Amino acid sequence: MVKARLPDGKVLEHPNGVTAEQIVAGIGPGLAKAALVARVNGQLVDLKAPIHDAEVEFAVLTSKDADGLMVMRHSCAHVMAEAICDLFPDTKLVYGPPVENGFYYDIDLPRPITPDDFEKIEARMAEIVAEARPFTRYELPRGDAMSKLADEGNPYKVDNAERAEGDALSFYVTGSRDSGCFEDLCRGPHVPDTSRVGAFKIMQVAGAYWHGDATKQQLQRVYGTSWPTPKDLKAHLTQLEEARKRDHRKIGQELGLFTIDPLVGSGLVLWKPRGAVMRHSLETLMREELMARGYQPVYTPHIGRLELYRTSGHFPYYKESQFPPLFESERARLLNDLWELARTHNSPTASEAERRLFEAILADNPELKDPGYPVDAPVEERLKRVRTWLVGEDGYLLRPMNCPHHIRVFASDSRSYRDLPIRLAEFGTVYRFEQSGEISGLTRVRGFTQDDAHIFCTPDQVHREMADCVELTCKVLTLLKLTDFRVRVGLRDDSDKYVGSRENWERAEAAVRAAVRESGMNYSEEPGEAAFYGPKIDFVVKDCIGRDWQLGTVQVDYNLPERFKLRYIGEDNAEHQPVMIHRAPFGSLERFSGILIEHFGGAFPLWLSPAQVVVCSVSEKSEDYARQVFEQARGIGIRAELDVSSERIGAKIRAATLMKIPYILVIGEQEAAQKRVNVRTRDGKQLGETGLPEFLAACALEIAERRA
RNA sequence: GCCGAUGUAGCUCAACGGUAGAGCACAGCUUUCGUAAAGCUGGGGUUGAGGGUUCAAAUCCCUCCAUCGGCUCCA
């Protein structure tokens, strides 16, 4: 006997071995028809799976349930896989999970799948759907399953099986087991039959590495989307189209905010006047906040000696993603090569290369007479030697981070505990040689400006300072109504890419956790997301097409102070090491602006809007007064534009509306006679006539309050 | 960096082996107009760059560059 308790508490009794399908049949015909999969004691199972437990929590899921939808999409991936295998028999299937809004299937196929193939694949899928073949599960003991998979000659499935848990492995056939129909190693569960995979569409194909490892075989990943009904599918496609209209690259072009010019360089942003004034308003907001919170502005150069970044660790750690160093002489380049060799020296071949290079440098540079450099000396000794040579003749690096400069500002004076915390702030422009395939609009660029600051404080002050940084970040995000963010606490994993002692890391992680807990926000801890010098709190948002981007960040760092041997004099008159906090509420002004553009769809709040008011004359007769209105608005600091062209008023309004200018002032003879303005908004609302001083005062107030 | 797609006037696109076109924008002229596009005229392109095939290339092939979507990376 099986007692199945339904979600509403009702208990149904059935004989042992009853299937979910049979239980559902007893509940109601509508539900039986819609059922895709069942949940038995929290486990998703096929509707045909027999149930043997005496008492179970039982629920039936349809495409209206998140898990039901997921199973439907997973099954749709199988149908797509079958269609692809039918059309391209060389296909080796790899892995096909459901994802947000759909599914993908990774395949290994020498011939590239192109968008032209999508229609053919969809047509074949439609046939499979029409056949309504059942998804049939069968299991084999692990040994039998492994030899079966090995015989089939698909190394990916063998690998999947090796990773799967359990003594038995399950397979799904679309049809009956002896029908010769398509089958796939799969944990399941699946929908009852191939007609139940929803309204689908193949969306795109892309490369993907096996196991997500760039050194492994590259596969083709075919993405599809699937929805309960054709109407849902259509709504999704329409929504995608709408989202693309908000794309900051498109709006940036239309509104003339920024441009990226191949002649200047990929990933290097040119802010045009309209974009620059928007960005400037953001910077002004941040400057006001920083001044009120005791930050001190500094200015530092965009370039620094390589030795600076050797000390911080950035140069060796991020070698591949920095612009190559600048060397003023060939010898400087050679010395750096020598340093590289000394640093990485750990093999006989490297040692030979090192010796040859060393000899070449000595031969060309007789002034370096003192060899003092036995090739079998310990690494530290060799490094020390080479670094003394580098003092007079080093290369330079376009800065990838601002912290080393700020550290040297801190180190330029002796510091007392009474001075701390010291908060050094700079809109610091940094340069990173991002991979060519990564560059995208304003969100991933090679030169960008951080609203950066570094706080140097005592260990006791860390907690309060971090909490203040988190509070500031939340404040600006809230002010901009960017409330749809998630908080990620990035911790270290067990890889060896991190610098610093275990003890430092533990203290830092405790500080980060305390700060984020205190804020009361929801957050997720993610191992492997830390910076190489410390853990961090990141504020992550989605762009209009659903990609995650890190904006603000707060990081605590016990390691760079140690590497730079920073000191302050404590109450006890002894030297102590300060703790550093790296933080940037916007993160990158470029990326933040890109996200803001999409968030507002280009219709910025008044205080951020590139043009705040446009004055449009109805005809030449009102041109003089329009000019006066324009001059007055501009005179009190409102960003006003003037349109006295010979166009008709309708055309002027259209042009201003398309540029998303918040207030359009229509100035005709009537307004001119009464010295008033007629106000229309970019949303087409007519606010009517008002006196000019009243309008300007209201406008100025709205700007001053940064009303969003 | 890798896989695939795409590069035609300032912008959005057409022409798909046979003399590069439209709309918008821009300039000039006419119009002086009341809340999302007035009319006429005109200028503007070695079709991303460089090679190749062909009697003939925007169109076919190759190599770069850039953009887009993924993957990998992200201090």
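Bear in mind the structure is a predicted one, so any value in this text is a computation, not a measurement. Chain letters run A, B, ... following the sequence lines, proteins first, then strands; residues in each count from 1. Heavy atoms only: backbone and side chains are in, while hydrogens, waters and symmetry mates are out.
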TODO: Establish whether the base of B:G70 is bridged to the side chain of A:Y209 by a donor-acceptor pair shorter than 3.5 Å.
DONE: no

- [ ] Look at the side chain of A:R444 against the base of B:C74 and say whether a donor-acceptor pair falls under 3.5 Å; ignore hydrogens and angles.
- [x] yes

Would you mind classifying the nucleic acid contact of [X] as base, sugar-phosphate or nothing, using non-hydrogen atoms under 4.0 angstrom?
X: A:E623; value: nothing
X: A:K536; value: sugar-phosphate
X: A:T657; value: base
X: A:I653; value: base
X: A:I439; value: sugar-phosphate
X: A:E254; value: nothing
X: A:E320; value: nothing
X: A:R648; value: base
X: A:G313; value: nothing
X: A:G650; value: sugar-phosphate
X: A:Q220; value: nothing
X: A:S312; value: nothing
X: A:Y533; value: sugar-phosphate
X: A:A206; value: base

For atom [atom1] of [X] and atom [atom2] of [N], their distance in whole Å:
X: A:L263; N: B:G7; atom1: CG; atom2: P; result: 22 Å
X: A:F118; N: B:G4; atom1: CZ; atom2: P; result: 13 Å
X: A:Q322; N: B:C74; atom1: CD; atom2: P; result: 13 Å
X: A:I202; N: B:A5; atom1: CD1; atom2: P; result: 16 Å
X: A:R446; N: B:A66; atom1: CZ; atom2: C1'; result: 11 Å
X: A:I251; N: B:C11; atom1: CD1; atom2: P; result: 18 Å
X: A:R583; N: B:A75; atom1: CZ; atom2: C1'; result: 16 Å
X: A:L219; N: B:C3; atom1: CG; atom2: C1'; result: 10 Å

Rounding to an integer number of angstrom, what distance separates [N] and [M] when you compare their [atom1] atoms?
N: B:G44; M: B:C33; atom1: P; value: 36 Å
N: B:G21; M: B:G34; atom1: C1'; value: 38 Å
N: B:C11; M: B:U67; atom1: P; value: 15 Å
N: B:C65; M: B:C40; atom1: P; value: 47 Å
N: B:A56; M: B:C16; atom1: C1'; value: 15 Å
N: B:C73; M: B:A15; atom1: C1'; value: 41 Å
N: B:C55; M: B:C13; atom1: P; value: 36 Å
N: B:U59; M: B:U53; atom1: P; value: 15 Å

I'd like to know if the side chain of [X] reaches the main chain of [Y], judged simply by a donor and an acceptor atom lying under 3.5 Å from each other, with no hydrogens or angles considered.
X: A:D247; Y: A:R249; answer: yes
X: A:D538; Y: A:Q550; answer: no
X: A:E671; Y: A:G668; answer: yes
X: A:R246; Y: A:F600; answer: no
X: A:R444; Y: A:I439; answer: no

TODO: Could you tell me if the ring centre of A:Y309 sits under 6.0 Å from that of A:Y318?
DONE: no

Under 4.5 Å between any side-chain heavy atoms of [X] and [Y], yes or no?
X: A:F695; Y: A:V679; answer: yes
X: A:Q220; Y: A:P112; answer: yes
X: A:L219; Y: A:Y209; answer: no
X: A:L255; Y: A:M659; answer: yes

Taking only nitrogen or oxygen atoms into account, show me every contact under 3.5 Å that the protein makes with nucleotides 44-48 of chain B, one pair per line with its distance.
none

Nearest 0.5 angstrom please: [X] [atom1] to [Y] [atom2], how far?
X: A:C544; Y: A:Q239; atom1: SG; atom2: CD; answer: 11.0 Å
X: A:Y317; Y: A:Y533; atom1: OH; atom2: OH; answer: 10.5 Å
X: A:L560; Y: A:H454; atom1: CG; atom2: NE2; answer: 8.5 Å

TODO: Please state whether the phosphate of B:C33, meaning OP1 or OP2, lies under 4.0 angstrom from any side-chain nitrogen or oxygen of A:K621.
DONE: yes

TODO: Run through A:V462, A:V556, A:V470 and flag the one making a side-chain contact (heavy atoms from CB on, under 4.5 Å) with A:V512.
DONE: A:V556

Open item on the list: Just to be sure I understand the geometry, which residues of residues 104-117 of chain A put a non-hydrogen atom under 4.0 Å away from RNA chain B?
Closed with: A:P112, A:T114

Open item on the list: Short of 4.0 Å, heavy atom to strand atom, which residues of residues 542-552 of chain A count as contacting RNA chain B?
Closed with: A:I545, A:R547

Please list every donor-acceptor pair under 3.5 Å in which a side-chain atom of residues 643-650 of chain A meets a protein atom from a residue at least two apart or in another chain.
residue: A:D643; atom: OD1; partner: A:S645; partner atom: N; Å: 3.1
residue: A:D643; atom: OD1; partner: A:S645; partner atom: OG; Å: 2.8

- [ ] Tell me which of A:G267 and A:P400 sits closer to the 5' end of RNA chain B, going by the nucleotide each one is nearest to.
- [x] A:G267

Task: Whichever of A:K497 and A:L658 has its nearest RNA chain B nucleotide further upstream toward 5' - done: A:L658

Which of these nucleotides, [options], is closest to any side-chain atom of [X]?
X: A:Y318; options: B:A75, B:C71, B:A37; answer: B:A75
X: A:A651; options: B:G34, B:A75, B:A37; answer: B:A37
X: A:E669; options: B:G34, B:A36, B:C71; answer: B:G34

Open item on the list: Among residues at least two apart in sequence or on other chains, which ones pass salt bridge (charged side-chain N to carboxylate O under 4.0 Å, His left out) with A:R446?
Closed with: none

Open item on the list: If a pair means Watson-Crick or G-U wobble with both distances below 3.5 Å, what does RNA chain B look like in dot-bracket form, with | marking bases paired to a different strand?
Closed with: (((((((..((((....[..)))).(((((.......))))).....(((((..]....))))))))))))....

- [ ] Identify the heavy atoms of A:M466 and A:A511 that sit nearest to each other, and give their distance.
- [x] CE-O, 4.2 Å

Task: Cation-pi, A:F103 ring and A:R73 (6.0 angstrom, 45 degrees) - done: no

